[in-house]
Amino acid sequence: MSIRLGDEAPNFTAETTEGTIDFHQWKDGNWAVLFSHPADFTPVCTTELGRTASLKGEFDKRGVKVIGVSVDPVESHNGWAQDITEVGGTDLNFPLVADQDRNVSELYDMIHPGEGDTSTVRSVFIVDPKNKVRLTLTYPKSIGRNFGEIMRVIDALQLTDAAPVSTPVDWQPGDRIIVAPTMSTDDARQRFEDVEEVRPYLRWAKQPQT
Ligand code: BEZ
């Protein structure tokens, strides 16, 4: 089943490194990043999971819970966790789903047979507090993801949910934002600082505090 932005993130119950988890219950009204990796004890995955573990403080600040998925068994995940600690320098501090029956992988369309075998590709789903899917991303198995980009999108989603703004190309937190088309320039000048009208449809402003 393919999942589109705005869809409800399908719920599942699965064995993980932190016991049996019901996804929606575990999420408990928080933001979540659900991401798959192809296999345990593989090099790119080891770097990705180490990086994700090291970002726990940043995810926590934003109210985001993280959960990984692969089709390997929980014993394998637990054995690999030691390598993640040693190589990445941070203990595995989020659950990894042991999706041996491929229930989660199929629910989220994480297995792409044209990519070689029946392991999961590198999928990412950012899910909001109401369980709506807000971003999907799919990378090939041989290419590690940029978790700084995932953090940037979380910042942009939380900002654009809180104020009538959009984020421009290459936006980084603290950069100027774009006033939403639904707001007049006069209203924007009341609400935001440093409003600059470049075109009637393109108004820059200082990023508001949310
Ligand atoms: C890796 O994590 O290095 C990897 C896993 C599966 C296929 C290719 C690379």
Side-chain angles (χ1 to χ4, degrees), residues 9-105 107-108 110 119-139 141 143-158 172-173:
N11 197 23
F12 58 81
T13 302
E15 279 308 299
T16 80
T17 48
E18 297 184 8
T20 305
I21 280 180
D22 173 287
F23 179 54
H24 287 180
Q25 267 180 24
W26 167 85
K27 219 180 132 279
D28 194 24
N30 292 283
W31 288 82
V33 175
L34 170 72
F35 74 102
S36 57
H37 63 275
D40 299 348
F41 298 102
T42 53
V44 176
C45 300
T46 303
T47 63
E48 285 192 328
L49 271 76
R51 173 90 176 117
T52 308
S54 77
L55 287 169
K56 179 168 171 47
E58 294 299 316
F59 286 120
D60 285 351
K61 262 199 260 175
R62 293 160 175 82
V64 181
K65 297 179 89 169
V66 175
I67 185 165
V69 179
S70 85
V71 298
D72 290 321
V74 81
E75 299 75 29
S76 164
H77 287 342
N78 285 332
W80 184 41
Q82 177 102 23
D83 286 359
I84 292 167
T85 302
E86 286 173 17
V87 175
T90 310
D91 287 345
L92 185 67
N93 49 27
F94 56 89
L96 278 188
V97 171
D99 194 35
Q100 281 178 281
D101 63 5
R102 293 167 167 70
N103 177 43
V104 178
S105 309
L107 208 50
Y108 280 83
M110 291 165 163
S119 63
T120 40
V121 294
R122 298 185 195 279
S123 301
V124 180
F125 297 86
I126 297 180
V127 184
D128 74 11
K130 293 183 175 157
N131 294 340
K132 294 273 179 261
V133 173
R134 302 294 298 278
L135 172 125
T136 64
L137 197 74
T138 311
Y139 269 45
K141 294 177 187 180
I143 297 177
R145 288 157 287 198
N146 182 332
F147 281 77
E149 168 63 3
I150 292 167
M151 203 65 75
R152 187 190 77 90
V153 176
I154 291 167
D155 285 338
L157 285 167
Q158 294 185 342
Q172 292 292 337

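Every value quoted in this text rests on a predicted model; they were computed, and no experiment measured them.
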Next item on the list: Could you go through the side chain to side chain contact (heavy atoms under 4.5 Å, CB included) check for I67 and V97 one step at a time?
Entry: CA-CA 7 Å; I67 185 165; V97 171; 3.8 Å; yes
Check: Can you name the nearest heavy-atom pair linking A39 to C45, along with the distance?
Finding: O-SG, 3.5 Å
Notebook entry, point to check: Is there a side-chain contact between M110 and L34, using heavy atoms and a 4.5 Å cut-off?
Noted result: yes
Check: Is any side-chain heavy atom of K56 closer than 4.5 Å to a side-chain heavy atom of T90?
Finding: no
Notebook entry, point to check: What's the verdict on side chain to side chain contact (heavy atoms under 4.5 Å, CB included) for L55 and I150, showing C-alpha distance, side-chain angles and the deciding distance?
Noted result: CA-CA 11 Å; L55 287 169; I150 292 167; over 6 Å; no
Check: Short question: side chain of T138, backbone of S123 - any donor-acceptor pair under 3.5 Å?
Finding: no
Next item on the list: Name all residues meeting the side chain to side chain donor-acceptor pair (under 3.5 Å) criterion together with N11; count only those two or more places apart in sequence or in a different chain, and write none if there are none.
Entry: D22
Item checked: Distance-minimising heavy-atom pair for G63 and N30 -> O-CB, 3.6 Å
Checklist line | Heavy-atom side-chain proximity of V74 to T17 below 4.5 angstrom | finding: yes
Note to self: Could you tell me if the side chain of L157 sits less than 4.5 Å from the side chain of D128, heavy atoms only?
What the structure shows: no
Check: Donor-acceptor pair, D91 side chain versus N93 backbone, under 3.5 Å?
Finding: no
Checklist line | Heavy-atom closest contact (P95 atom, T16 atom, distance) | finding: CB-OG1, 3.8 Å
Checklist line | Nearest atoms (heavy-atom pairs only) where P129 meets G29 | finding: CB-O, 3.1 Å
Check: Roughly how far apart are F147 CZ and R152 CZ, rounded to 0.5 Å?
Finding: 15.0 Å
Margin query: Just so I know, are the side chains of L135 and L137 near enough to count as touching, which here means a heavy-atom distance under 4.5 Å?
Written below: yes
Next item on the list: Check the pair F94 / F59 against side chain to side chain contact (heavy atoms under 4.5 Å, CB included), numbers first and verdict last.
Entry: CA-CA 11 Å; F94 56 89; F59 286 120; over 6 Å; no
Check: Should the heavy atoms of other residues, nucleotides or ligands under 6.0 Å from CD of E149 be counted, would the total exceed 12?
Finding: yes
Next item on the list: Compare all side-chain heavy atoms of W80 with those of L96 and state whether any distance is below 4.5 angstrom.
Entry: yes
Next item on the list: Would you give the length of the straight line joining atom CZ of R122 to atom CD1 of I143, rounded to the nearest 0.5 angstrom?
Entry: 9.0 Å
Note to self: Quick one, K65 and W26 - any side-chain contact, counting heavy atoms below 4.5 Å?
What the structure shows: yes
Margin query: Looking at every heavy atom in both A9 and F23, which two are closest together, and how far apart are they?
Written below: CB-CE2, 4.2 Å
Item checked: Distance, nearest 0.5 Å, that separates NE2 of H37 from OG1 of T120 -> 6.5 Å
Margin query: Looking only at side-chain N and O atoms, does D40 offer a donor or acceptor that is under 3.5 Å from a partner on H77?
Written below: yes
Checklist line | Value rounded to 0.5 Å, distance of CD in E48 from OG1 in T42 | finding: 8.5 Å
Item checked: S70 side, atom OG; D99 side, atom CG - distance, nearest 0.5 Å -> 8.0 Å
Checklist line | L49/F35 under side chain to side chain contact (heavy atoms under 4.5 Å, CB included): CA gap, chis, key distance, verdict | finding: CA-CA 10 Å; L49 271 76; F35 74 102; 4.0 Å; yes
Item checked: Flag side-chain contact, heavy atom, 4.5 Å: Q100 against E15 -> no
Margin query: What's the separation between atom CZ in F125 and atom CZ in R134, rounded to the nearest 0.5 Å?
Written below: 15.0 Å
Margin query: Check whether Y108 reaches the backbone of P10 with its side chain - one donor and one acceptor, N or O, closer than 3.5 Å.
Written below: yes
